[in-house]
There are 2 protein chains.
Amino acid sequence: MKEGPDISRIAALIGDPARANMLNALMDKRARTAGELAEEAGVTKQTASSHLSQLLGADLLHRDVQGRHHYYRLAGRDVAAALEALMTLADVGAGRRLRAGPKDPAMRKARACYDHLAGELGVLMFDQMMTGGWIGTKANALSVSTLGWQRLKAIGIDPEHVPRSRRPQCRTCLDWSMRRYHLAGSIGSAVLDQIYAQGWARRDTASRAVLFTANGEARFRRWLDGAGR
Amino acid sequence: MKEGPDISRIAALIGDPARANMLNALMDKRARTAGELAEEAGVTKQTASSHLSQLLGADLLHRDVQGRHHYYRLAGRDVAAALEALMTLADVGAGRRLRAGPKDPAMRKARACYDHLAGELGVLMFDQMMTGGWIGTKANALSVSTLGWQRLKAIGIDPEHVPRSRRPQCRTCLDWSMRRYHLAGSIGSAVLDQIYAQGWARRDTASRAVLFTANGEARFRRWLDGAGR
DNA sequence: TTCATGGTTCGATCTTAACCGAACCATCAG
DNA sequence: CTGATGGTTCGGTTAAGATCGAACCATGAA
């Protein structure tokens with residue numbers, strides 16, 4: 001009845017199952033057409049169109065029009081962060097009720113959290129980087145150490161390639177399935193890019209799951225252990 | 001249409017204006033009776049009761065029954081974090097629409113973000129601590145430096161008094177009004193406690209605003225500058 | 001015990017908004 | 001041009017849930 005931004009407006013938007021499914025599908029940062037999202041949500045084109053225009057109006061989505069295709073994607077990291085925070089809550093609640101649904105083990109093992117790696121392997125990576133001293137505070141921000149850059153260069157991540165925006169290089173992000181932190185920020189994003197580029201894993205076409213190959217996972221773990229080249 | 005926790009359930013809960021107002025009112029970590037929350041939300045007792053039982057059932061709230069009073073409070077930090085993330089989104093959207101409502105300047109200057117300080121002064125504090133080297137990474141976690149402890153002791157925060165739980169000592173939290181980071185974690189919580197204890201500020205009885213006295217703010221800023229005791 | 005107060009439960013009303021059929025608009029291929 | 005495809009707009013229907021009056025239950029005071 002007083003101050004603060006109007007939470008309920010956007011929460012209500014996310015609160016509809018159809019829209020929530022659409023947003024969830026977009027959590028991998030890729031863009032989808034209206035038709036794809038309609039199928040994702042299990043509704044007709046008309047209904048989907050209505051939902052999408054609402055999400056667009058609330059700045060939760062961006063739209064790119066290419067020819068007769070309309071591509072929708074999340075408006076930004078903030079949106080992904082809010083969705084992830086909600087998932088954390090939903091997962092706890094569901095834990096008691098639906099017996100910790102092992103619905104999609106692949107998702108819990110590794111998935112894209114917008115632009116960086118989450119799940120068991122995401123948390124593992126963050127822990128290793130911390131204990132291994134890849135990350136430290138230089139001056140006034142959590143950033144990559146000399147050792148860290150050395151290790152990152154081994155998979156092709158260069159200081160020059162990391163965009164010099166106001167975005168922090170390293171950030172932590174709370175993982176809904178693990179309830180522990182994993183690495184976000186521009187470095188987190190670059191690492192996920194390289195995981196794909198190195199062929200260690202590929203995107204699932206349908207979900208946010210990051211599908212590591214057996215060999216890829218082994219090489220990823222070796223990289224984290226600092227062994228080998 | 002696939003995996004992941006059911007976001008929409010809890011988002012829908014937060015999506016009702018009455019419930020959102022209740023949750024917002026509880027963001028200062030204090031508990032309120034059902035009646036107080038009913039007034040806060042602008043609904044009758046009956047309606048409030050219905051809302052509260054829903055929030056309770058979804059584990060967003062805890063209830064303490066004392067005599068004939070039922071005290072409700074946020075279930076935990078995760079809930080506060082999710083609400084804060086939603087506020088960030090809502091504030092951006094509202095920025096264009098409602099011309100950055102200076103509704104409550106006191107809230108933007110300083111407020112309690114669950115258990116720690118947010119707003120302009122919260123962000124200022126975090127920046128000062130970072131640039132001043134109060135905070136650094138020791139071993140595997142962002143923590144307080146020797147200098148930092150020295151400064152914290154000056155206002156009565158001792159390593160022994162900070163609970164040794166699994167909760168990180170230092171965490172960052174995205175500020176919805178500033179869109180920058182401020183200090184959370186057990187240290188952030190302890191500092192806010194001391195801000196009250198030192199008499200630098202007092203809680204607003206009605207909102208989350210942290211009301212600094214003129215003198216209190218001056219002393220707080222001096223403390224951050226590291227000047228004098 | 002009786003009364004007052006704080007909360008919850010029940011039932012009925014009423015508003016909101018999700019949904020789809022149908023029509024319409026734009027792009028692209030022939 | 002015609003036909004096909006991808007999206008949006010419009011209208012009417014329908015289902016969900018927020019709301020409150022009234023009754024009910026529990027605690028505490030007299």
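Residue numbers begin at 1 in each chain, while the letters A, B, ... track the order of the sequences. FYI, side chains are in, hydrogens and waters are out, and symmetry mates aren't considered; it's all heavy atoms of this structure. As the structure is a computational prediction, the values presented were derived from the model and not from experiment.
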Query raised in the report: Does a side-chain N-to-carboxylate-O contact under 4.0 Å join Glu39(B) and Lys45(B)?
Result: no
Requested in this report: Could you state the atom-to-atom distance from CG of Leu52(A) to P of dA17(C) in whole Å?
Outcome: 18 Å
Report task. Measure the distance from CG on Leu56(A) to C1' on dG7(D) and round it to the nearest whole Å. Result -> 13 Å
**Report entry** Salt bridge flag under 4.0 Å for residues Arg208(B) and Glu84(B)
**Finding:** yes
Query raised in the report: Over how many whole Å does the gap from Asp64(A) atom CG to dG7(D) atom P extend?
Result: 13 Å
Report task. Among dA18(C), dG7(C), dG6(D), find the nucleotide with the atom closest to the side chain of His69(A). Result -> dG6(D)
Query raised in the report: Could you give the CE-to-C1' distance, from Met22(B) to dT19(D), as a whole number of Å?
Result: 12 Å
Query - Position toward the 5' end of DNA chain D (nearest nucleotide), Gln54(B) or Gln46(B) - result: Gln54(B)
Report task. Return the nearest nucleotide to the side chain of Arg63(A); candidates are dT19(D), dT8(C), dT8(D). Result -> dT8(D)
Query raised in the report: At under 4.0 Å, does any side-chain N or O of Arg68(B) touch on OP1 or OP2 of dC25(D)?
Result: no
Report task. Can you figure out which of dT8(C), dA18(C), dA4(C) approaches the side chain of Asp16(A) most closely? Result -> dA18(C)
Requested in this report: Compute both the distance and the angle, then confirm whether Arg203(B) meets the cation-pi test with Tyr196(B): under 6.0 Å from the six-membered ring centre, within 45 degrees of the axis.
Outcome: yes
Query raised in the report: Can Thr44(B) and Thr47(B) be counted as having a side-chain donor-acceptor contact under 3.5 angstrom?
Result: yes
Report task. To the nearest Å, give me how far apart NE2 (His51(B)) and P (dG7(C)) are. Result -> 16 Å
Query raised in the report: Taking the side chain of His70(A) as heavy atoms from C-beta outward, which of dT8(C), dA18(C), dG7(D) is closest to it?
Result: dG7(D)
Report summary line: Testing dG7(D), dA4(C), dG7(C) for proximity to the side chain of Ala34(A), the answer is dG7(D)
Query raised in the report: Closest to the Ser49(B) side chain: dG6(C), dA18(C), dT9(C)?
Result: dT9(C)
Query raised in the report: Does Arg111(A) come within less than 4.0 Å of Asp175(A), counting only side-chain N to carboxylate O?
Result: yes
Report task. Write down the distance between NZ (Lys45(A)) and C1' (dC20(C)), rounded to a whole number of angstrom. Result -> 13 Å
Query raised in the report: Contact class for Thr33(B) vs. all strands (heavy atom < 4.0 Å): base, sugar-phosphate, or nothing?
Result: sugar-phosphate
Query raised in the report: Given atom CZ of Arg9(A) and atom P of dT16(C), what is their separation to the nearest angstrom?
Result: 15 Å
Report task. May I have the distance from Leu55(A) (atom CG) to dT8(D) (atom P), rounded to whole angstrom? Result -> 12 Å
Query raised in the report: Can you tell me if the side-chain N/O atoms of Thr47(A) get under 4.0 Å from OP1 or OP2 in dC20(C)?
Result: yes
**Report entry** Of Thr44(A) and Gly67(A), the one whose closest DNA chain C nucleotide lies more 5'
**Finding:** Thr44(A)
Requested in this report: Remember a base hit wins even if backbone is also touched, and classify Tyr71(A) as base, sugar-phosphate or nothing at under 4.0 Å, heavy atoms.
Outcome: nothing
